[in-house]
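To start, the structure itself, in structure tokens.
Below, all heavy atoms of this structure are taken into account, side chains as well, without hydrogens, waters or symmetry copies.
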Amino acid sequence: MKRVAVIGGGVSGLSIAHCLKGRYEVKVFESASKPGGLIKCDRVEGNLYHIVGGHVFNSRRQDVLDWFWSFFNRETEFIQSTRNATIYLDKPIGYPIENHIYEMDAAIQSQIIADLINIAKSANNEPENFADFLKNRFGNTLYEIYFKPYNEKIWKRDLSKVPISWLEGKLPMPSVEEIIFNNFCREQEMNMVHSTFYYAKHNGSQFLADRLAEELDIKYNLHINQIRKDHSSNQWIINENEYFDLVVFTGNVKELMVTLSSELISDKLKQKIANLEFHGTTSVLCEIEPNPYSWVYIPDKNLLPHRIICTGNFSESNNRDNNTSCTIEFTDSVDEHAIHENLKLIPFKPRYIYHRYTKYTYPIQTSGTRDTIKELKIQLESENLFLIGRFAEWEYYNMDAAMGAAFDLNTRIRL
């Protein structure tokens with residue numbers, strides 16, 4: 001039987017390993033001591049700590065849903081919840097903001113109404129960047145009070161420099177008529193993929209990773225130092241001691257350039273990969289006052305964090321005793337003093353427990369990023385090395401999107 005190496009035990013690696021294991025002998029290599037990648041969780045002072053984000057599950061793809069629920073019992077192992085997010089603009093405003101204009105002060109409402117009338121009268125020009133898209137879709141008032149400050153805190157860049165292609169499929173697309181209707185009728189947004197979601201009763205997304213890791217051959221605590229092609233046997237050699245007919249790489253493509261045989265990739269393409277941009281996340285575990293929310297978005301540009309993920313509301317087992325835990329996210333590295341100073345100003349009186357900085361969490365795309373990755377894929381796939389995953393493909397995948405990408409890749413792999 002042909003042998004396949006899957007490098008990385010996150011969602012992408014676990015998913016593609018399951019897809020391939022019926023046809024090939026599959027071995028997964030994971031540098032950490034447990035599976036999960038960006039969805040890993042720990043316990044800190046009795047609270048479940050999502051190291052990055054607060055990962056929940058749902059999908060628009062029926063094949064993803066069917067595959068996922070073949071591993072789990074939906075009724076006994078999961079909680080189904082309706083997303084209850086809010087935007088904190090001196091007071092909680094419902095999410096998405098365009099459906100909750102009626103909750104704002106009268107003067108702001110008047111400005112937004114004028115913007116929407118102008119949008120309805122104007123020609124529908126194709127936006128050239130993220131900033132234009134937001135202004136053309138929601139108007140200048142909502143752009144200035146929410147969309148611009150919130151997204152600039154996350155991405156730390158001029159939104160006019162962000163290409164639309166990067167956010168394809170992730171952007172809200174309501175018409176002026178729909179915005180007006182939703183405000184008149186107090187309609188809730190139920191078309192987003194995570195308007196309702198499933199969350200494991202115990203151990204959150206780590207429970208998902210642990211279950212998906214079962215029945216897979218996974219080597220933990222192993223750092224990949226070298227990936228080399230032996231052209232005489234047409235096989236890949238991992239760390240000079242294991243031979244494989246095919247490799248699926250799900251880690252960080254920047255690291256792949258260091259470990260991969262130097263003759264396979266041109267220096268010019270390597271430099272393009274080295275120049276790919278990204279952000280990290282400082283995730284702060286806190287206890288907060290009881291509240292009804294799942295996510296709290298913080299557009300205030302005078303505060304460093306951009307959102308509170310109320311993971312303690314996802315499942316009672318996430319909390320120590322009767323307290324409510326959460327994760328507060330800051331873009332990039334933030335020192336502990338700045339964290340404590342910002343926590344004093346954040347709603348729901350967060351109490352600091354612990355924090356951790358993760359260097360790679362958000363891939364940043366420019367106009368040439370996808371062409372660079374496509375060029376790399378063409379070269380590598382001709383040698384039976386495939387890329388999949390958020391930082392392997394430099395795509396902002398959620399958990400279900402990573403699973404879907406694994407299914408799509410599986411249809412293309414033939415040995």
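- Residues forming a side chain to side chain contact (heavy atoms under 4.5 Å, CB included) with K270 (at least two apart in sequence, or on another chain): M257, S262, I265, D267.
- Aromatic rings from W67 and F407 are positioned such that their centres are separated by under 6.0 Å.
- Among pairs with a residue in residues 22-33, those fulfilling salt bridge (charged side-chain N to carboxylate O under 4.0 Å, His left out) read R3-E25, K27-E242, at least two apart in sequence or across chains.
- For residues 283-303, the set of pairs meeting the salt bridge (charged side-chain N to carboxylate O under 4.0 Å, His left out) definition, not counting sequence neighbours, comprises E287-R320, E287-R351, E289-K349.
- In this structure F147 satisfies the ring pair (Phe, Tyr, Trp, His ring centres under 6.0 Å) test together with F138, sequence neighbours excluded.
- Listed by chain and number, the residues in a salt bridge (charged side-chain N to carboxylate O under 4.0 Å, His left out) with D408 are R61 (sequence neighbours excluded).
- Note: W155 and Y362 have perpendicular aromatic rings, judged against thresholds of 30 and 60 degrees for the angle between ring planes.
- Shown here are the salt bridge (charged side-chain N to carboxylate O under 4.0 Å, His left out) partners of K21, two or more places apart in sequence or in another chain: E215.
- Every side chain to side chain contact (heavy atoms under 4.5 Å, CB included) that H337 has, sequence neighbours left out, goes to D335, E341.
- Of the options T327, I328, V284, a side-chain contact (heavy atoms from CB on, under 4.5 Å) to I308 is made by I328 and by none of the others.
- Under the side chain to side chain contact (heavy atoms under 4.5 Å, CB included) criterion, N291 pairs with I288, Y293, C310, N313, F348, sequence neighbours left out.
- F29 has its ring centre no less than 6.0 Å from the ring centre of W236.
- Partners of F278 under the side chain to side chain contact (heavy atoms under 4.5 Å, CB included) rule, at least two apart in sequence or in another chain, are K254, K359, Y360, F391, W394.
- Residues forming a ring pair (Phe, Tyr, Trp, His ring centres under 6.0 Å) with Y352 (at least two apart in sequence, or on another chain): H340, H355.
- In this pair, F133 and F130 present their aromatic rings parallel. The plane angle is below 30°, not in the 30 to 60° band.
- The aromatic rings of F78 and F68 lie perpendicular to each other, with more than 60° between the two planes, well past the 30° mark.
- Remark: side-chain polar atoms of T86 are paired, donor with acceptor, to backbone N or O of I93 under 3.5 angstrom.
- Every residue meeting the salt bridge (charged side-chain N to carboxylate O under 4.0 Å, His left out) condition with R228, not counting sequence neighbours, appears here in chain and number order: E240.
- By the salt bridge (charged side-chain N to carboxylate O under 4.0 Å, His left out) test, E316 is found to be paired with no residue, residues two or more places apart in sequence or in another chain being considered.
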